[in-house]
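See below for the structure under consideration.
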Amino acid sequence: MAGARRRSRRLIDSGIGAFYLIAALMAAGSAVMINAFLTNDYSIKYVVHYSDSVQPLFYKITSYWGGLDGSIMFWVFLLSIFGSIAVYVNRERHRELIPVCDCHDLGGADVLPVP
């Protein structure tokens, strides 16, 4: 938003890079969580609460969004991925709207609980 208000191309590009970084971090975090469920890694408290070693594979994967924390993480992951795709596809068209879309898409990221 600051880049749009100041009409600074450099700030807008920085925001776009941060958007891509958040998408990458959310993808990595989601991969770690799903791997923890699949390998029965009970060193993560969330896995202890929402998984069991005798669960079928399908239920282990869906346990990722079984609780509130995982559900919020899942939705922020989806928003960041689809938002990144939208920003990439429209990177030259509608350039003035990208900062507004970035803020709107990841506005819910600040409610992500920290375990």
Side-chain angles (χ1 to χ4, degrees):
M1 291 297 286
R5 288 183 186 221
R6 296 180 185 175
R7 300 192 192 288
S8 169
R9 174 82 179 205
R10 200 180 88 197
L11 283 176
I12 291 172
D13 289 341
S14 173
I16 291 170
F19 198 90
Y20 292 146
L21 177 65
I22 289 172
L25 290 173
M26 290 306 299
S30 296
V32 166
M33 288 299 291
I34 291 174
N35 183 55
F37 279 111
L38 294 178
T39 61
N40 298 319
D41 181 2
Y42 296 114
S43 64
I44 300 173
K45 189 176 8 174
Y46 186 79
V47 176
V48 171
H49 288 312
Y50 295 102
S51 182
D52 194 304
S53 60
V54 295
Q55 280 181 319
L57 178 66
F58 175 75
Y59 291 116
K60 286 185 179 187
I61 294 170
T62 58
S63 293
Y64 166 54
W65 61 81
L68 177 63
D69 297 345
S71 179
I72 292 172
M73 184 177 180
F74 177 66
W75 281 109
V76 172
F77 164 69
L78 286 179
L79 281 172
S80 66
I81 295 299
F82 286 117
S84 293
I85 292 169
V87 167
Y88 182 77
V89 167
N90 294 296
R91 65 189 175 277
E92 296 304 323
R93 296 181 311 178
H94 311 296
R95 187 101 182 146
E96 70 280 358
L97 296 178
I98 287 178
V100 176
C101 293
D102 283 354
C103 282
H104 179 71
D105 283 348
L106 287 181
D110 60 346
V111 298
L112 184 65
V114 179

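What you are looking at is a predicted structure, and each value in this text was computed from that prediction instead of being measured. Note that these values count all heavy atoms, side chains included, but never hydrogens, waters or copies made by symmetry.
Note: Ile44 CD1 to Asn35 CG = 8.5 Å, rounded to the nearest 0.5 Å. Note that NZ of Lys60 is 5.5 Å distant from OG of Ser51, once rounded to the nearest 0.5 Å. Atom-to-atom distance recorded for Thr62:OG1 and Ile34:CD1 is 10.0 Å, nearest 0.5 angstrom. With values rounded to the nearest 0.5 angstrom, Tyr20 atom OH is found 11.0 Å from Ile81 atom CD1.
A continuous path of ILVMFWY side-chain contacts below 4.5 Å connects Phe82 to Trp75, so both sit in one hydrophobic cluster. In terms of hydrophobic clustering, with Ile, Leu, Val, Met, Phe, Trp and Tyr side chains grouped at heavy-atom distances under 4.5 Å, Leu57 and Val32 are assigned to different clusters. In terms of hydrophobic clustering, with Ile, Leu, Val, Met, Phe, Trp and Tyr side chains grouped at heavy-atom distances under 4.5 Å, Leu78 and Leu25 are assigned to different clusters. Hydrophobic clustering (ILVMFWY, side-chain heavy atoms < 4.5 Å, transitive): Val76 and Leu21 are in distinct clusters. Hydrophobic clustering (side-chain heavy atoms under 4.5 Å, transitive across Ile, Leu, Val, Met, Phe, Trp, Tyr) groups Ile61 together with Met26.
A donor-acceptor pair under 3.5 Å is absent between the side-chain atoms of Tyr64 and the main chain of Ala31, judged by distance alone. Within the 3.5 Å criterion, the main-chain N or O of Ser53 finds a donor-acceptor partner in the side chain of Tyr42. Judged by distance alone, the side chain of Ser63 and the main-chain N or O of Tyr50 form a donor-acceptor pair under 3.5 Å. Remark: the backbone N or O of Gly70 is paired with a side-chain donor or acceptor of Tyr46 at under 3.5 angstrom.
Counting non-hydrogen atoms of neighbouring residues, nucleotides and ligands closer than 6.0 angstrom, the OH atom of Tyr88 reaches no more than 12 such neighbours.
Put simply, the side chain of Phe74 does not reach to within 4.5 Å of the side chain of Ser30, judged on heavy atoms.
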